[in-house]
Amino acid sequence: MKMIATWNVNSIRVRLPQVLEWLEKESPDVLCLQETKVTDEDFPAEAFRGVGYHAVFAGQKTYNGVATLSRAPADAVVALLPGADDAQPPSGTQTPQKRLLAATIEGVRVLNVYIPNGEEVGSDKYAYKLSWLGALEKFLAEELRSHPKLVVLGDYNIAPEEVDVHDPKLWEGRVLFSDRERAVFRRLVQLGLVDVFRKFEQPEKSFSWWDYRMNGFKRNFGLRIDHILCSAVLAADCRACSIDKEPRRHERPSDHAPVVARFEPSIS
DNA sequence: ATGGCTTGAGTGTCAAGA
């Protein structure tokens, strides 16, 4: 396995042609998708099989939903985060929320995550985000014990540092960039993970999400909230990590861009 | 200024995302 990627597609129904095109062009070994927004019976597994990918998926109607596509089959699949919905989820939300998919692919433990948005600091959804992150931290610590080759990638909905935000003053204290969220991100890293994007020199103002409104992409008003965190063993063999802005320029784009990590020699 | 776009649900218009 030499290339893994993550992409919040904001509806797999709408984005399917773009994802198929991207797979054919880039040929990653693994692609983790978030916000598929379909139930499992509506997931387009056949279309992915047609271009040479296995798919595992955990979806629900309208919201959330994660899927992991891979050249090699996925084993030991866990489709729910233990303890995530123990605390009261925000009123009116469907439970359990489908936001995590763990799978072992060619001996690498791949944790695909769609961390809650949190809406606004102090809201019910913000409390749910922190509670969900607490459950993730616990699950991750356990998974790391049994899987030295582990990667956690997806839409974290957290911009970890000032350089990850187009206007840190504007975003100070706000959801996605609040101190508590950033502290949790640091705690996840301290479990023994590396944010591989920051292992390498990167262009100034590198972001993975831009608001659809106000020409956010053209003005590069964005945030880096999609991340690839690797265990030390995998990070040592990571040779590059980049954000592919090309799909964000398409007609009807997702508001997120794919993030890609490359390894040498093969990590499997 | 609490908007701005986009998607899904469902067919009028709202919730949710970030």
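Chain A is the first sequence line, chain B the second, and so forth, proteins listed ahead of strands; every chain is numbered from 1. Just so you know, these numbers come straight off a predicted model, no measurement behind them. Hydrogens, waters and symmetry mates are skipped; everything else that's a heavy atom, side chains included, is used.
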For Asn64(A), answer base if it contacts any base atom (sugar-phosphate contacts may also be present), sugar-phosphate if it contacts only those atoms, and nothing otherwise; contact means non-hydrogen atoms under 4.0 Å.
nothing

Check Thr68(A), Val259(A), Val30(A) against Thr6(A) for a side-chain contact (heavy atoms from CB on, under 4.5 Å) and give me the one that passes.
Val259(A)

One should read off an interatomic distance between Glu119(A) CD and Leu176(A) CG, to the nearest 0.5 angstrom, of 11.5 Å

Pick the closest DNA chain B nucleotide for Pro253(A) and for Tyr63(A) by heavy atoms, then say which residue is nearer the 5' end.
Pro253(A)

With the 4.5 Å side-chain cut-off for hydrophobic clustering, are Leu101(A) and Tyr53(A) part of the same group?
no

With sugar-phosphate meaning primed atoms plus P, OP1 and OP2, does Tyr114(A) contact a base, only sugar-phosphate, or nothing at under 4.0 Å between heavy atoms?
sugar-phosphate

Expressed as a whole number of Å, how far does the C1' atom of dT11(B) sit from that of dT7(B)?
16 Å

Taking atom P in both dG17(B) and dG3(B), what distance in whole Å separates the two?
16 Å

Atom P, compared across dG10(B) and dA15(B): separation rounded to whole Å
14 Å

By the 4.0 Å heavy-atom rule, please label Asp226(A) as base, sugar-phosphate, or nothing.
nothing

Please tell me whether Trp210(A) and Phe217(A) form a close aromatic pair, meaning their ring centres lie under 6.0 Å apart.
yes

At 4.0 Å (heavy atoms only), tell me whether Arg174(A) reaches a base, stays on the sugar-phosphate, or touches nothing.
nothing

Just so I know, are the side chains of Leu153(A) and Val113(A) near enough to count as touching, which here means a heavy-atom distance under 4.5 Å?
no

Please work out whether the ring planes of His227(A) and Tyr156(A) are parallel, tilted or perpendicular, with thresholds of 30° and 60°.
perpendicular

Check step by step if salt bridge (charged side-chain N to carboxylate O under 4.0 Å, His left out) holds for Glu246(A) and Lys25(A).
CA-CA 12 Å; Glu246(A) 201 264 332; Lys25(A) 184 171 159 226; 3.7 Å; yes

Between dA1(B) and dT13(B) - C1' atom distance, rounded Å:
22 Å

Taking the C1' atom of each, how far is dT2(B) from dA18(B), in whole Å?
14 Å

Between which nucleotides of DNA chain B, 5' to 3', does chain A make heavy-atom contacts below 4.0 Å?
dG4(B) to dA18(B)

Position toward the 5' end of DNA chain B (nearest nucleotide), Asn157(A) or Val14(A)
Val14(A)

